[in-house]
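Below: one structure, written as structure tokens.
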Amino acid sequence: MKLQLNGAPINSQAATLADLLVAEGFADAKVATAVNGTFVPALARSDHFLTAGDTIEVLAPMQGG
Amino acid sequence: MLEFYGTALANGLMLGTAQYPSPAILANAFKRSGASVATVSLRRESGQDRAGQDFWQLIRELGVHILPNTAGCHSVKEAVTTAHMAREVFDTKWIKLEVIGEEDTLQPDVFGLVEAARILSEDGFQVFPYTTEDLVVADRLLHAGCEVLMPWGAPIGSGLGLNNIFGLRAMRAHFPDVPLVIDAGLGLPSQAAAAMEMGFDAVLLNTAVAKAGDPAAMAEAFATAIRAGQLAHAADPMEPRDMAVPSTPVIGKAFLA
């Protein structure tokens with residue numbers, strides 16, 4: 001199914017948000033996630049099923065002022 | 001003793017982590033200045049580069065308090081969601097709350113700021129709001145649950161210093177028991193010293209250090225200035241006068257005319 005990951009279109013067979021993170025190289029990464037603008041806590045990723053057209057944000061620590 | 005939400009800090013220097021020439025220079029700036037707090041952010045991560053993971057390791061090794069921000073957020077929803085994501089990633093209740101309302105000056109949207117501060121405070125966050133020197137907004141932020149206020153000195157990244165001395169002095173006088181931090185706009189250590197002499201509790205800066213020719217030396221200069229300003233405030237400065245008053249005693253002066 002077609003998804004948007006960090007602003008880029010992707011095709012993925014991942015059923016859940018947790019599956020998607022593994023497939024896209026974030027398995028053990030220190031990241032926070034949001035789907036369609038709503039925060040999804042790490043503990044809820046396995047239970048969060050994705051649907052076509054979902055917009056996923058994967059954020060990590062970055063420099064800031 | 002400087003305290004934010006019950007957490008004691010060694011000094012009043014809060015330093016940003018952006019725009020340094022290299023990670024090593026960033027680390028050296030923190031080492032030489034002894035800054036007590038590092039501000040950080042959240043941005044999109046690439047599954048290939050994983051740049052954020054290296055940065056996180058660097059920050060952890062600094063051994064300072066971490067203050068994540070909501071920089072770049074223009075709405076309450078964006079800021080609240082970003083705060084939740086930051087709390088999980090950085091494992092802290094602290095959040096530097098920015099809700100930007102105007103692009104040219106990066107002036108805070110104080111209406112959205114108060115609303116977001118209330119939502120986050122009720123959710124257990126310890127909010128550090130980036131605000132203006134407006135006393136009414138400050139009062140609303142305190143009622144929303146904030147225990148620290150961070151008025152701007154000048155627009156972010158401008159280096160202009162303390163643009164509204166009168167307003168900032170009034171804020172300090174109006175809220176004598178609230179920790180106040182000058183956040184943004186400082187360009188020189190003398191401006192930080194002036195803020196501390198006025199009785200502010202800390203300063204938060206980034207660009208003035210990161211964009212200096214020698215960031216580590218500038219960070220140390222700011223730390224020294226903050227210490228000087230803090231000492232001066234505690235020493236109860238004299239009142240200025242319009243006319244001269246001789247400092248050398250007149251009594252006993254020889255008559256030689």
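Lettering follows sequence order; numbering is per chain, from 1.
- Within residues 32-40 of chain B, the residues having any heavy atom closer than 4.5 Å to a heavy atom of chain A are B/T39, B/V40, listed by residue number.
- Residues of residues 43-58 of chain A that come within less than 4.5 angstrom of chain B, heavy atom to heavy atom, are A/R45, A/E57, A/V58 in numerical order.
- Of the possible donor and acceptor atoms, one in the side chain of B/K77 sits under 3.5 Å from a partner among the backbone N and O of A/G37.
- Within a 6.0 Å sphere centred on CZ of B/F111, heavy atoms belonging to other residues, nucleotides or ligands number 12 at most.
- Contact annotation: the side chain of A/P41 approaches that of B/E88 to within less than 4.5 Å [non-hydrogen atoms, C-beta and beyond].
- Taking both residues in full, the closest heavy atoms of A/V31 and B/V89 are given as C-CG2, 3.6 Å, listed atom of the first, atom of the second, then distance.
- Looking only at distances, a side-chain donor or acceptor of B/N69 sits under 3.5 Å from a matching main-chain atom of A/G65.
- Atom CZ of B/F55 is separated from atom CE of A/M62 by 8.0 Å, given to the nearest 0.5 angstrom.
- The closest donor-acceptor contact from the side chain of B/R44 to the backbone of A/A60 lies at 3.5 Å or more, if one exists at all.
- Of the two parts of B/R50, only the side chain, counted from C-beta on, holds a non-hydrogen atom closer than 4.5 Å to a non-hydrogen atom of chain A.
- Rounded to the nearest 0.5 angstrom, A/Q63 CD and B/L26 CG are separated by 7.5 Å.
- Counting only heavy atoms from C-beta outward, the side chains of B/I59 and A/P61 never approach each other to under 4.5 Å.
- Classification of A/K30 and B/D91 as a salt-bridged pair fails, no side-chain N sitting under 4.0 Å from a carboxylate O.
- Between the CZ atom in A/F26 and the CD atom in B/Q48 there is a gap of 7.5 Å [rounded to 0.5 Å].
- For a residue to count as touching a neighbouring chain, one of its non-hydrogen atoms must lie under 4.5 Å from one of that chain's; by this rule B/E98 touches chain A with the side chain only.
- Heavy-atom distances place the backbone of B/S46, and not its side chain, under 4.5 Å from chain A.
- With rounding to the nearest 0.5 angstrom, the CD atom of B/E45 is 11.0 Å from the CG atom of A/L5.
- Minimum heavy-atom separation, B/M85 to A/T33: CE-C, 3.4 Å.
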